[in-house]
*Asks:* 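Handing you a structure now.
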Amino acid sequence: MKNQRILLVDDMPSIHEDFRKVLLPDTSSSELDAAEAMLFGTTASLSAPSFVLDSAYQGQEALALLTRAQEAGAPYALAFVDMRMPPGWDGIETIERLWAQDPQLQVVVCTAYSDHSWTEILERLDARDRLLILKKPFDPIEVRQLASALTEKWHLVQQAARHTEQLERTVQERTRDLEAANTALHAEIRERKQLEAQLVQTEKMSALGQLVAGIAHEINNPVGFVMSNLGTLQRYTESLLRLIDAYKAAEPGLASPAVSADLATQRKAVDLDYLAEDIPVLLRESLDGTVRIRQIVQDLKDFSRAESTQDWTDADLHQGIDSTINIAAAEIKYTADVVKDYGPLPLVQCLPAQINQVVMNLVVNAAHAMGPKRGTLTIRTGAGDAEAWFEVADTGKGIPSHMLHRIFDPFFTTKPVGQGTGLGLSISYGIVKRHHGRIDVRSEIDQGTTFRVTLPIRQPQEAATPEAA
Ligand SMILES: Nc1ncnc2c1ncn2[C@@H]1O[C@H](COP(=O)(O)OP(=O)(O)OP(=O)(O)O)[C@@H](O)[C@H]1O
Ligand SMILES: [Mg+2]
């Protein structure tokens, strides 16, 4: 439906009469048309566009009509405004006010003579794309043409605006779609990088695991017989020392004083008293040493066995954590003391090798975070009904809050080239996610950082199948 609504603003009633004649269809014939349309179902005659003409005799009245029309959602397309309308606003002021209310309104200035020069009028009404001039006396065809052309123009302008708006919306929608696709792509790339990194790391660790298992096995044998020999030696030396004591006691009874004196000299020379004291100590220390070697080898075996089997197992997390910490001892022992604060834990269904890897990454990061002062690395554990958790807390330098959201990104590192690849946390994140768990971080600058890993005690049904591993 086109907007054919026209407002005529003129103080002379006769002008309104003239306009009505020119613009409104002959009522009698239009009634006939309507009757015809009802009877035969044809549309009313198209020859004359049927304008709607409202009359105002003063500027204020025109503004009131225009405002009301707007509020009713039926604005005017066009206004014919007379230049001279005493008293009250003249044409220019009326037009200014109408435009202030409705900038879309097309306007025709009607005049025979003017109190203003045209230059002045056009200067004040600086909207020449919406303004035409019609000089009195009017020619009916001019009026009619102006009405047709300008209502059509109003319509086209509206349409163009709607199209532009639609176009902008479409562009916005497309932009949003593109942005979403872009974000999805980035997420996918990130995930892929993470998976690749994890694969590389897993392969590396499993190769390392086999190597370590081999070495541990090789060390185990000699350590075994060294230990058993040391035990035997301990017993032998005890016996020997007892025997020497007996000889010593028998010395005064020797027939030859020369032999007795020689023995006393030799005893002094080898400092027998000191030897008798020191030999058991040395043996005990050596035995302690071998016991420790055996423990380390055992840890290595535990750790590497976990590394080389990649199966879902009900595992004792404490055991995994202990052996991992022993393996990482070299990284930790110069920078921090380890405190274990273990709660009761059920067996947790997991891929133990991978969980060990998470512990390793967190523990090494914690050790690296310590400042020049010796710190504390606390491992806590605990469990709820369906979840078990462990925490690695350090008293290190902390993570600035603006970095917190990036630490799990692959290759994000603040460590110098060669010291960190920035993969530790991203790999850990991937592993924990595969376990349907989560990692939470709390950190405070210069106070320390706590990473908490929470794992479900049982995996969802289909997750823990061999293929999923
Ligand atoms: N406990 C922590 N305290 C302070 N900063 C940490 C801690 N853990 C991680 N970060 C920060 O997060 C970054 C990323 O850690 P991530 O373990 O992923 O990589 P990395 O340790 O730098 O290198 P990589 O582990 O591959 O050798 C670290 O470089 C460090 O800036
Ligand atoms: Mg790391």
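Counting convention: from 1, in listed order, for ligands and their atoms alike. Every heavy atom of this structure was used, including side-chain atoms; hydrogens, water molecules and symmetry mates were not.
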*Asks:* Starting from atom 26 (O) of ligand 1, find the nearest protein heavy-atom neighbour and note its residue, name and distance.
*Replies:*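 So the nearest neighbour among protein heavy atoms is T421 OG1, 2.5 Å.
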*Asks:* Is it the case that the side chain of H155 and the backbone of T151 share a donor-acceptor pair, with hydrogens and angles ignored and the cut-off at 3.5 Å?
*Replies:*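 Answer holds: no.
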*Asks:* Which option out of L425, T414, V392 puts a heavy atom nearest to atom 16 (P) of ligand 1?
*Replies:*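 Going through L425, T414, V392 one by one, L425 has the nearest heavy atom to atom 16 (P) of ligand 1.
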*Asks:* Tell me: protein heavy atom nearest atom 23 (O) of ligand 1, and distance?
*Replies:*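 Checked against all protein heavy atoms, atom 23 (O) of ligand 1 sits closest to G422 N, 2.9 Å.
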*Asks:* Based purely on interatomic distance, does G420 place a nitrogen or oxygen under 3.5 Å from a nitrogen or oxygen of ligand 1?
*Replies:*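 Such a contact does not occur with ligand 1.
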*Asks:* Tell me: protein heavy atom nearest atom 14 (C) of ligand 1, and distance?
*Replies:*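 For atom 14 (C) of ligand 1, the nearest protein heavy atom comes out as F412 O, 3.2 Å.
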*Asks:* Between W99 and L131, is any pair of side-chain heavy atoms under 4.5 Å apart?
*Replies:*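 Sidechains of L131 and W99: in contact.
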*Asks:* Please give me the minimum heavy-atom distance between M360 and I327, naming the atom from each residue.
*Replies:*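 Where M360 meets I327 most closely, the heavy atoms are CE-CG2, 3.8 Å.
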*Asks:* Name each donor-acceptor pair under 3.5 Å that joins a side chain in residues 404-416 to protein atoms two or more places apart or in another chain, with its distance.
*Replies:*
residue : atom : partner : partner atom : Å
H405    : ND1  : H402    : O            : 3.3
D409    : OD1  : R190    : NH1          : 2.9
T413    : OG1  : K415    : N            : 3.0
K415    : NZ   : N365    : OD1          : 3.2
K415    : NZ   : H368    : ND1          : 3.1

*Asks:* Mark yes or no for whether Q349, through its side chain, and Q459, through its backbone, hold a donor-acceptor pair below 3.5 Å.
*Replies:*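 Yes: the side chain of Q349 pairs with the backbone of Q459.
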*Asks:* Out of all atoms in ligand 1, which are within 4.0 Å of some heavy atom of T413? Include the element for each.
*Replies:*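 Near T413, the atoms of ligand 1 are 20 (P), 22 (O), 29 (O).
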*Asks:* How many angstroms lie between CG in L351 and CZ in R434, if you round to the nearest 0.5 Å?
*Replies:*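 The CZ atom of R434 is 6.5 Å from CG of L351, to the nearest 0.5 Å.
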*Asks:* For ligand 1, does N361 get within less than 4.0 Å through its side chain, its backbone, both, or neither, judged by non-hydrogen atoms?
*Replies:*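 No part of N361 comes within reach of ligand 1.
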*Asks:* With atoms numbered from 1 as shown, which atoms in ligand 1 lie under 4.0 angstrom from a non-hydrogen atom of N365?
*Replies:*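 By the 4.0 Å cutoff, the relevant atoms are 8 (N), 9 (C), 15 (O), 16 (P), 17 (O), 21 (O).
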*Asks:* Of the listed options (I399, L423, L404, I407), which comes nearest to atom 4 (C) of ligand 1 when hydrogens are ignored and any heavy atom counts?
*Replies:*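 Comparing heavy atoms across I399, L423, L404, I407, the nearest one to atom 4 (C) of ligand 1 lies in I399.
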*Asks:* Taking distance alone, no hydrogens or angles, what donor-acceptor pairs closer than 3.5 Å link side-chain atoms of residues 284-291 to residues at least two apart or in another chain?
*Replies:*
residue : atom : partner : partner atom : Å
S286    : OG   : L282    : O            : 2.9
T290    : OG1  : S286    : O            : 3.2
T290    : OG1  : L287    : O            : 2.7

*Asks:* Considering the heavy atoms of A369, write down every atom of ligand 1 situated less than 4.0 Å from one of them.
*Replies:*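 With A369 as reference, the close atoms of ligand 1 come out as 2 (C), 3 (N), 4 (C).
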*Asks:* Counting distance only, does the side-chain N/O of T313 pair as donor-acceptor with the main-chain N or O of A315 below 3.5 Å?
*Replies:*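 Checked: no pair found.
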*Asks:* Where the side chain of T232 meets the backbone of S228, is there a donor-acceptor pair that is under 3.5 Å apart?
*Replies:*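 Yes, the answer is positive, given that a donor and an acceptor are paired below the 3.5 Å cut-off.
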*Asks:* Kindly write out the residues that satisfy side-chain contact (heavy atoms from CB on, under 4.5 Å) with T170, not counting sequence neighbours, or none if the list is empty.
*Replies:*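 Q166, R174.
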*Asks:* Anything protein N/O/S under 2.8 Å from the Mg ion (ligand 2)? Just list residue and atom, please.
*Replies:*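 Only N365 OD1 fall inside 2.8 Å of the Mg ion (ligand 2).
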*Asks:* Any side-chain to backbone donor/acceptor pair from S443 onto I399? Under 3.5 Å, distance only.
*Replies:*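 Judged by distance alone, yes, a pair lies under 3.5 Å.
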*Asks:* Starting from atom 1 (N) of ligand 1, locate the nearest protein heavy atom and write down its residue, its atom name and how far away it is, to 0.1 Å.
*Replies:*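 So the nearest neighbour among protein heavy atoms is D394 OD2, 2.8 Å.
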*Asks:* Give the atoms of ligand 1, by number and element, whose distance to some non-hydrogen atom of G398 is under 4.0 Å.
*Replies:*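 Here the atoms of ligand 1 in question are 4 (C).
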*Asks:* With only distance considered, is K415 within less than 3.5 Å of ligand 1 through an N or O on each side?
*Replies:*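 So ligand 1 has an N or O lying under 3.5 Å from an N or O of K415.
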*Asks:* Side-chain contact, heavy-atom cut-off 4.5 Å: F80 with L7?
*Replies:*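 Not touching, per the 4.5 Å side-chain cut-off.
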*Asks:* A328 and V363: which non-hydrogen atoms are nearest, and at how many Å?
*Replies:*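 Nearest heavy atoms, A328 then V363: CB-CG1, 4.2 Å.
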*Asks:* Considering only heavy atoms of F451, which atoms of ligand 1 have at least one such atom less than 4.0 Å away?
*Replies:*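 Within the 4.0 Å cut-off of F451, ligand 1 contributes 1 (N), 8 (N).
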